[in-house]
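Numbering of ligands and ligand atoms starts at 1, following listing order.
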Amino acid sequence: MMRSLSSADNFVKEAMKKRGDNYYPKFHIAAQYGWINDPNGLIYINGKYHFFFQHYPYKPIWGPMHWGHVVSDDMVHWEHMPIALYPDQEYDRDGCYSGSAVNNNGILTLFYTGHRFFEKTGEDSRICQVQCMATSIDGIHFTKHGPVLYPPEGIVDFRDPKVWRAREKWWMVVGAKVNDLGQVRLYQSDNLKEWQFRCILHQAKDSVDGYMWECPDFFSVNNKDVLITSPQGMPAQEYDYRNLHQSGYCIGQWEKNGTFSIETSFREIDHGHDFYAPQTFEAADGRRIMVGWMEMWDAPLPNQSEGWSGALTLPREISCNEIGKLYCKPIVELELLRTDYKNFELIALNNEVYSLDETYQELKLSIDLTASSCRCFGLNIESAGRISVDSALKRLIFDRHSSDYELQSCRSISLKGMLRIDLHIFIDASSIEIFVNEGEYSLTSKIYPISDQKKLTLFAEKGTAIFKNIKEWKLDSIF
Ligand code: FRU
């Protein structure tokens, strides 16, 4: 199919030749050059998977947002497409912010927030955010149809439309800030162009719940209705909410009258350092898939010096158990990337270390917590961090190492009540994703190993540790 390249696409083609690649991912979607943040418009349509993302092509910093675009047949092998949306209209002149995609009778239809700064003062009252629509017949070139929904009187932070079809109507949730509290507003439409307000689906009760709820998503999985939000400004509570901003979910019942009866309060989706603004969609076979931005606002970004910034997480299949806990596990299609394989049935360590092959990027292993008698054991990734079981604290800890003190910190989950843990770990050039017990927990973090010092070792400190069913794979590139 004919693909016309814009000057921005051509700029990227040239600029990527001088990109540094020490930290550049092998099996995660990232910008070829420049900046990316949130995943946008995830969809399976006309036999293809399309992922879009917030993108500033010219520099590895956040700037006037474009929508970058990649396409795949299997959600694993991807091809870069020309930039899909540019901030080139009066209503979106300072950015085509986050949004979603729907299949309207075979037409790929995007909804996004057109963003304008009235004055570059940085004050919220000086912005205008409207929800806009764009369509594509060929899945590559997009025609903008302008704003379809304006902010209600008095609300200026009003963004990130997620649209879906249900109950023979179109529905849209939008994130908002009202009196410095986060809110998710629900709209309804018959034709995707005219939208009526239905209700406030959920909102922060006080400042502890966050001053702005970004990137809402609302869907049903295993007969539960799930609301995802990315609240800004939630304070840390003990081991929880330790990032600058959070992404979490509530489970409940979407009532006939459109309201949401909440059954479980907000819980974090991922427990690592770098997971934000996730979005979900339905795969070809109906599975609910989630992808997040593998980075965090206002965090130091060492790979900027290489000319790129930001990546998307691996796609995760999500499900919900009877008591309303969300599970996220890597999609099974990722097995297509596996090449070399090694396995060890058992590695027993007594106050010693065991070296694994650092060129393997996917690892599975089981830890029998009852049979391991030492205080601290796990997997060390030299110069980047270590995953350890702390038997006294009864926590699984990811401790990120870095020469930048702002990057040095721990994230952890509780192991209380567990007799065994199954770990499934993906280590790319500058990221780690740790899935625990088939997706009961996940920890996603950026890491910055020094390239000639990233030995992988299993270790047991002061006692014995038993690692079982260790499997390692080398993974191919996704592009
Ligand atoms: C979330 C977010 C969205 C916004 C976009 C701008 O990370 O702040 O609310 O649409 O990023 O790039």
Ligand-protein N/O pairs under 3.5 Å (ligand 1):
residue	atom	partner	partner atom	Å
ligand 1	7 (O)	D38	OD1	2.7
ligand 1	7 (O)	D38	OD2	3.2
ligand 1	7 (O)	W297	NE1	3.0
ligand 1	8 (O)	E214	OE1	3.3
ligand 1	8 (O)	E214	OE2	2.7
ligand 1	9 (O)	R159	NE	2.9
ligand 1	9 (O)	D160	OD1	3.4
ligand 1	9 (O)	D160	OD2	2.6
ligand 1	9 (O)	E214	OE2	2.8
ligand 1	10 (O)	S98	N	3.1
ligand 1	10 (O)	D160	OD1	2.5
ligand 1	11 (O)	N37	ND2	3.3
ligand 1	11 (O)	D38	OD2	3.1
ligand 1	12 (O)	N37	ND2	3.1
ligand 1	12 (O)	Q54	OE1	2.7
ligand 1	12 (O)	W62	NE1	3.0

Could you check whether N10 and S7, counting side-chain N and O atoms only, form a donor-acceptor pair closer than 3.5 Å? no

- prompt: In terms of ring plane angle, is the pair W164 and W171 parallel, tilted or perpendicular, where the classes change at 30° and 60°?
  reply: parallel

(message) Could you check whether any side-chain heavy atom of E440 comes within less than 4.5 Å of a side-chain heavy atom of N321, counting everything from C-beta outward?
(response) no

How about F142 and F52: are their ring centres within less than 6.0 Å of each other?
yes

Contact check, side chains of Q232 and Y276, non-hydrogen atoms, under 4.5 Å: yes

With a 4.0 Å cut-off on N to O distance, would you call K48 and D73 a salt bridge?
yes

